[in-house]
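A short write-up of the structure that comes next.
Position 1 is the first residue of the sequence, and the numbers go up from there.
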Amino acid sequence: MEMISDLPDQMLHEILSWLPTREVVATMLLSRRWKFLWKQVLQFDYDFSQNDGKDFVNSFLQLHEGQVFRSFKLSVSPYCDTRSVGTWIHFAVSTRKVCHLEIDLTAAQNPMITTLPKSLYTCGTLTCLKVKAHVLDDIPEEYPICLASLHYLYLTVSSKVSADKFIGKLIAGAPLLKKAVVGGGDVYTNQFLDYIASRNTLKSFTLCSSQSCNLRRCFLWAEPIITSLPDCLSSKLQTLEWRDYTDTQFDKDAIAFLLNNATCLRKVKIVPVSTADHIEKLRIRTYLSNLSRGSTACQLIFP
């Protein structure tokens, strides 16, 4: 223990950044050397499903003396309220200039949390945003959206009300977005897909959906089937991950069209639906391996 305590503060802060926040604070009891180190940590990581500590979170954020949060992760409980969660997120994006923000609102039930603070949408330091929720309200028209540094976006919603209005607007306000991973049920319509198509910087797109017709529509873009892909897919997209792929004619047509027309693809990962047996997986792999590809560098990956 003495050897670790002799390390400079910067190294100790790095060590503490790997621990959940409650354990970080507990290190103050180790010795006088550790008493105030937790106040300068670069990461906040708190899961209300394992702890019930609204007062703890409020106290921690009030006493924290660091200038930035490199990472801020929060998973709420069924009884977290919108005001508290909004205050904590606002603190991270406005006061601590967070770079990586990860929020899981799916456990909130009494009431369900459906809004995020206005300050989130203009956080200039945010490079990675991950949000999971059942429903997210539309972003009000008067809210400016400027996520100038956002490169990575991971969003999961389960209500059709949320998809176009929330996700689409967010993507439209992120000019440097490189990777988008979007999950949910049957919630993605043409307006949302138009936003995706307009992202000239987007190089990696993952759509997690068991609704094969949605993913097919994403790449074929309209019915009846058109003869070319949007520019962002045909000449920009380099990485694609398709989850819950099924051995159906819908999925076969979509992936064949995509592989043949996306000329910059380097890596395509195909994850079969969880119910697929060994024979079906082998059939999928054989079919995909024999498809023609518009990119000679395209590599198919099967987990």
Side-chain angles (χ1 to χ4, degrees), residues 99-100 126-130 147-156 167-168 170-172 174-184 188 192-222 225-274 276 280-303:
C99 296
H100 179 112
L126 194 61
T127 60
C128 179
L129 174 62
K130 296 184 178 183
L147 297 169
S149 301
L150 190 66
H151 289 167
Y152 305 101
L153 177 64
Y154 304 81
L155 292 173
T156 302
I167 301 175
L170 206 58
I171 290 176
L176 299 182
L177 190 65
K178 295 180 179 179
K179 179 175 182 179
V181 178
V182 179
Y188 308 107
F192 163 72
L193 300 176
D194 288 341
Y195 281 122
I196 292 292
S198 67
R199 298 298 91 201
N200 291 327
T201 59
L202 191 64
K203 294 183 178 180
S204 177
F205 176 57
T206 301
L207 180 59
C208 311
S209 175
S210 59
Q211 303 294 327
S212 59
C213 58
N214 275 342
L215 192 51
R216 179 173 184 260
R217 188 174 61 194
C218 177
F219 296 125
L220 304 187
W221 224 253
I225 296 176
I226 59 178
T227 59
S228 62
L229 286 172
D231 288 342
C232 75
L233 294 181
S234 63
S235 61
K236 298 289 184 180
L237 191 67
Q238 296 180 6
T239 304
L240 170 72
E241 181 175 347
W242 187 329
R243 301 177 187 175
D244 294 332
Y245 181 90
T246 60
D247 189 32
T248 62
Q249 197 60 47
F250 274 130
D251 288 9
K252 287 181 179 180
D253 289 346
I255 196 64
F257 185 81
L258 176 63
L259 290 178
N260 192 50
N261 289 276
T263 58
C264 290
L265 273 176
R266 295 182 178 273
K267 183 172 67 173
V268 176
K269 184 177 180 180
I270 305 296
V271 183
V273 65
S274 60
E280 184 176 355
K281 290 179 180 178
L282 181 60
R283 188 164 55 243
I284 290 172
R285 182 166 186 164
T286 301
Y287 172 78
L288 294 176
S289 298
N290 291 328
L291 291 176
S292 60
R293 305 173 201 176
S295 170
T296 57
C298 181
Q299 178 186 7
L300 289 176
I301 298 174
F302 304 95

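- Under 4.0 Å is where a charged nitrogen must lie from a carboxylate oxygen, and between K281 and D247 no such pair does.
- Residues L155 and I171 form no side-chain contact, since every pair of their non-hydrogen atoms from C-beta on lies 4.5 Å or further apart.
- Using a 4.5 Å heavy-atom cutoff, the side chains of L170 and L129 are in contact.
- Put simply, the side chain of T127 gets close to the backbone of C99: a donor and an acceptor are under 3.5 Å apart.
- A heavy-atom distance below 4.5 Å is found between the side chains of I301 and K267.
- Rounding to the nearest 0.5 Å gives a distance of 10.5 Å between OG1 of T263 and CD of Q238.
- Here OG of S274 is found 6.5 Å from CG of D244. Values are rounded to the nearest 0.5 Å.
- Checking side-chain atoms of D251 against main-chain N and O of T246 turns up a donor-acceptor pair under 3.5 Å.
- Residues forming a salt bridge (Lys or Arg N to Asp or Glu O under 4.0 Å) with R266 (at least two apart in sequence, or on another chain): none.
- Atom CG of residue N260 and atom CG of residue L265 lie 11.5 Å apart, to the nearest 0.5 angstrom.
- Applying side-chain contact (heavy atoms from CB on, under 4.5 Å) to W242 and the options V271, V268, I255 leaves one that passes, I255.
- Note: E280 CD to Y245 OH = 9.5 Å, rounded to the nearest 0.5 Å.
- Using a distance-only test at 3.5 Å, with no hydrogens or angles considered, a donor-acceptor pair links the side chain of N261 to the main chain of F257.
- Atom CG of residue L126 and atom NE2 of residue H151 lie 10.5 Å apart, to the nearest 0.5 angstrom.
- Between Y154 and C128 the shortest side-chain heavy-atom distance falls below 4.5 Å.
- Side chains of R293 and L300 form a contact here, defined as non-hydrogen atoms less than 4.5 Å apart.
- Of all heavy-atom pairs between L176 and A148, the closest is CD1-O, 3.2 Å.
- In this structure, L288 CG and K252 NZ are separated by 9.5 Å, a value rounded to the nearest 0.5 Å.
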